[in-house]
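Throughout, a chain's letter reflects where its sequence line sits, starting with A, and its residues are numbered from 1.
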Amino acid sequence: MAIHNSDIAEQFDEIADLLEIQGANAFRVRAYRTGARTLRDLPHAVAAMVDNGEDLTELPGIGEDLAAKIREVVVTGELSQLGELEREVPPGLVEVLGIAGLGPKRVQALHRQLGVDNLDDLRTAAEAGQIRTLSGFGAKTEANIRHELATRGSGEKRTRLRQAEEVAEPLAHSLRGVDGVETVTIAGSYRRRKETVGDLDILVTCRADSPVIERFVNHEDVRHVVSKGETRSTVVLRNSLQVDLRVVASAARGAALHYFTGSKAHNIHIRRLGQERGLKINEYGVFQGTERVAGATEAEVYARVGLPEIPPELREDRGEIAAAQAGTLPDLITTDAIRGNLHTHTTASDGHASPRQMAEAAREQGWDYLAISDHSKAVRVANGLDAERLAAQIDEIDALDAELKDITVLKACEVDILEDGRLDLPDAVLARLDLTLGAIHSHMSLAREKQTARVLKAMDNPNVSILAHPTGRKIGTREPCALDMERVIAHAAETGCVLEVNAQPDRLDLNDLHCRMARDAGVRLAIGTDAHAKHHFAFMRDGVDQARRGWVTPADVINTLPLGELRRTLAR
DNA sequence: GCCGTTTTCGGCCCGACTGTTTTCAGTCG
């Protein structure tokens with residue numbers, strides 16, 4: 001069985017958890033977590049590197065030891081160290097470690113002194129009032145543990161960026177109205193435009209006497225105040241989203257914004273660069289000795305370590321710092337560069353507006369062209385078009401296009417890729433279209449080899465201009481189908497088939513890493529809203545954000561092209 | 001456990017808040 005990078009990463013993370021509970025050296029624990037992250041970020045299978053005899057220690061954060069462990073997993077399918085650790089440490093303690101407020105030291109104390117092996121034991125001990133008797137614990141700690149146990153959801157939950165935005169923007173807006181507040185910025189993974197956020201990080205600059213923290217913890221959406229100090233506070237909102245507020249003086253805004261935007265890995269890397277130059281970097285500024293030498297803007301902070309400002313979307317420590325040093329940071333795509341939308345639906349299938357309404361709305365967006373791409377007949381629930389209905393729609397769109405000024409309506413179809421890789425409509429009718437999007441909507445759970453072969457075969461059909469939402473994932477609800485994306489991307493590079501970055505907020509498919517892989521392979525992308533209604537055109541921004549996280553430039557995206565060039569590109 | 005333009009040993013980003021203890025350890029981001 002093929003070993004995926006994520007399989008090994010999970011084992012490294014579990015080792016890190018168990019070592020932490022054992023009280024191992026914190027830097028050793030960190031090394032396993034760094035190794036896990038390296039594997040998750042890797043754009044190709046580490047198993048293939050092992051098979052080819054490549055040197056794994058070339059990978060960042062992978063030394064001789066972890067390289068040997070990766071080889072062990074790839075060759076034997078198992079990691080003996082993990083098995084040994086699981087015999088030494090009750091695995092149930094990993095969940096106990098997940099309780100907020102409990103770290104390795106306390107988990108160890110609970111285990112040794114009260115025999116706590118899992119969450120059930122913890123609950124029993126808390127209810128019996130035993131925890132408060134331990135040294136270093138008290139009544140409040142015990143009450144907090146009981147509260148955590150009572151309110152704990154099912155594991156770690158992340159919120160889709162769009163959903164977070166619905167809460168975050170009004171909250172930020174209300175803070176802007178507080179007396180003495182100068183700026184309010186939502187930082188963290190939200191600012192990096194990550195597809196999901198674990199919590200919200202809000203940075204405020206204000207006068208020293210501003211009551212902003214008081215107003216924050218008393219906001220109507222706040223359910224629970226976790227902590228509240230002079231310069232920071234953490235709350236949980238009624239919708240269970242955690243929000244961290246940080247207050248600094250405006251002279252430190254840049255340094256604080258950098259610190260609070262992250263990612264953690266990026267920050268650590270930047271601070272290390274500072275150290276090498278004899279500088280200390282924290283959220284208050286860049287310091288040479290006790291003198292603050294920068295901090296008002298992020299650009300200043302970067303300049304002090306010899307770098308141009310790095311866009312937030314790239315701050316993941318995935319090579320952006322080396323690129324900044326080399327002067328090769330990508331000129332990231334923006335929504336302004338988008339000239340049209342190549343994936344939309346109408347009432348002919350499962351959309352909510354007519355082609356004319358969609359086209360007029362697209363014109364209002366300032367776009368030059370819009371492709372009407374309804375489903376094909378295999379998607380019965382969406383009232384997909386058969387060849388006859390599509391032929392009629394082609395005539396209808398020709399007439400509409402002739403009539404409308406300042407917008408070109410393109411004839412398209414989101415044609416189903418059948419289980420065997422053939423298309424749902426005959427080539428003869430597809431040949432009449434300006435473009436065809438091939439997509440999978442059924443048989444999502446085929447085995448990897450079969451699924452990959454199916455998609456590659458569809459890409460071989462020259463009528464398929466774009467492979468739409470390639471992996472079929474829905475964030476938080478449906479896993480991507482088993483697809484060898486390395487081969488799909490390589491095939492796209494060979495055939496000239498374009499890959500879609502589907503901009504629906506719950507799809508964002510390709511994801512950021514796939515965007516980066518495609519870009520690096522010279523594959524062209526299309527950012528499509530998959531709009532089923534006019535207001536879905538707003539999703540274009542979500543798709544652009546995802547593409548930016550994938551280092552994508554305007555030149556990588558076909559719907560930045562003027563119409564004439566677009567047509568030439570689509571003719572495979 | 002990783003890593004190296006002060007290196008193969010001795011470092012490893014840096015600070016806020018809480019609770020318990022009375023000067024600070026533990027946890028978190």
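- At least one donor-acceptor pair under 3.5 Å links the side chain of Asn282(A) to the backbone N or O of Gly285(A).
- In this structure, a donor-acceptor pair under 3.5 Å is absent between the side chains of Glu316(A) and His266(A).
- With both ends at atom C1', the span from dT23(B) to dT18(B) equals 15 Å, rounded to whole Å.
- For the pair His111(A) and Val116(A), the tightest heavy-atom approach, listed with the atom from each and the gap, is ND1-O, 3.1 Å.
- Separation of the C1' atoms belonging to dG1(B) and dT6(B) is 23 Å when rounded to the nearest angstrom.
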Check nucleotides 22-25 of chain B for protein N or O atoms closer than 3.5 Å to its own N or O atoms and list the pairs.
none

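- Distances shown here put a side-chain N or O of Lys69(A) below 4.0 Å from the OP1 or OP2 atom of dG1(B).
- Partners of Thr34(A) according to the side-chain hydrogen bond (donor to acceptor under 3.5 Å, both in side chains) rule, which considers only residues two or more places apart in sequence or in another chain, do not exist here.
- The nearest whole Å value for the distance from the NE2 atom in His269(A) to the C1' atom in dC12(B) is 14 Å.
- Taking the P atoms as reference points, dG11(B) lies 30 Å from dC17(B), given to the whole Å.
- Taking a pair to require two hydrogen-bonding distances under 3.5 Å in either a Watson-Crick or a G-U wobble arrangement, dG19(B) pairs with dC24(B).
- Among the atoms of the strands shown, none is found under 4.0 Å from any heavy atom of Gln108(A).
- Residue Thr231(A) places at least one side-chain N or O under 4.0 Å from the OP1 or OP2 atom of dC17(B).
- Atom-to-atom, CZ of Arg28(A) to C1' of dG10(B) comes out at 17 Å; the value is rounded to the nearest Å.
- Judged by distance alone, the side chains of Tyr32(A) and Gln81(A) do bring a donor and an acceptor atom under 3.5 Å apart.
- Remark: Gly136(A), Phe137(A), Gly138(A), Ala139(A), Lys140(A), Thr141(A) in residues 130-142 of chain A come within less than 4.0 Å of DNA chain B through at least one heavy atom.
- Note: CG (Leu200(A)) to C1' (dC28(B)) measures 17 Å, nearest angstrom.
- Taking atom C1' on both dG19(B) and dC12(B), the two are 29 Å apart, rounded to the nearest angstrom.
- With hydrogens and angles left out, the side-chain atoms of Thr234(A) and Asp244(A) include a donor and acceptor closer than 3.5 Å.
- Only the C1' atoms considered, dC2(B) is 12 Å distant from dT8(B), to the nearest whole Å.
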Using a cut-off of under 3.5 Å, enumerate the N/O to N/O pairs linking the protein to nucleotides 13-15 of chain B.
unit_1, atom_1, unit_2, atom_2, d
dC13(B), OP1, Arg30(A), NH1, 3.0
dC13(B), OP1, Arg30(A), NH2, 3.0
dC13(B), OP2, Arg30(A), NH1, 3.2
dC13(B), O2, Arg271(A), NH1, 2.3
dC14(B), OP2, Gln275(A), NE2, 3.3
dC14(B), O4', Arg271(A), NH1, 3.1
dG15(B), OP1, Lys280(A), NZ, 3.1
dG15(B), OP1, Asn282(A), ND2, 3.0

Dump the intermediate steps for side chain to side chain contact (heavy atoms under 4.5 Å, CB included) on Ile186(A) and Asp201(A), then the final yes or no. CA-CA 6 Å; Ile186(A) 308 166; Asp201(A) 303 297; over 6 Å; no
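- Rounded to a whole Å, the CD atom of Glu276(A) is 16 Å from the P atom of dG11(B).
- The ring pair (Phe, Tyr, Trp, His ring centres under 6.0 Å) test applied to His44(A) returns no partner, not counting sequence neighbours.
- Atom pair Arg315(A):CZ and dG29(B):C1' shows a separation of 17 Å (rounding to whole Å applied).
- As judged by a 4.0 angstrom heavy-atom cut-off over every strand, Asn25(A) is placed among the base-contacting residues.
- Summarising the geometry of Gly103(A) relative to Leu97(A), their closest heavy-atom pair is C-CD1, 3.6 Å, with the distance given to 0.1 Å.
- The P atoms of dG26(B) and dT20(B) are separated by 14 Å, rounded to the nearest whole Å.
- Each salt bridge (Lys or Arg N to Asp or Glu O under 4.0 Å) pair with one or both residues in residues 173-191 of chain A, not counting sequence neighbours, appears once here: Asp179(A)-Arg207(A), Arg191(A)-Glu298(A).
- Across all strands shown, Ala100(A) has heavy atoms under 4.0 Å from sugar-phosphate atoms exclusively, and none from any base.
- At whole-Å resolution of the value, CD1 in Ile145(A) and P in dT20(B) are 10 Å apart.
- Between atom CG of residue Leu161(A) and atom CD of residue Glu166(A) there is a gap of 10.5 Å, rounded to the nearest 0.5 Å.
- We find that CD of Glu148(A) is positioned 14 Å from P of dT27(B), with the value rounded to whole Å.
- Closest-nucleotide positions on DNA chain B for Tyr32(A) and Leu97(A) were compared, and the one nearer the 5' end corresponds to Tyr32(A).
- Nucleotides dC9(B) and dG15(B) are separated by 30 Å at their P atoms, to the nearest Å.
- Donor-acceptor pairing under 3.5 Å is lacking for the side chains of Asn144(A) and His147(A).
- Thr57(A) and Asp55(A) share a donor-acceptor pair across their side chains, judged by distance under 3.5 Å alone.
- Heavy-atom nearest nucleotides on DNA chain B were determined for Asp244(A) and for Thr57(A), and the one closer to the 5' end corresponds to Thr57(A).
- Looking at heavy-atom distances under 4.0 Å, Leu102(A) makes contact with sugar-phosphate atoms alone, never a base.
- Between the OG1 atom in Thr335(A) and the CE atom in Met540(A) there is a gap of 9.0 Å [rounded to 0.5 Å].
- In terms of phosphate contacts, Gln242(A) brings a side-chain nitrogen or oxygen within less than 4.0 Å of OP1 or OP2 of dG29(B).
- Note: CG (Asp17(A)) to P (dG1(B)) measures 16 Å, nearest angstrom.
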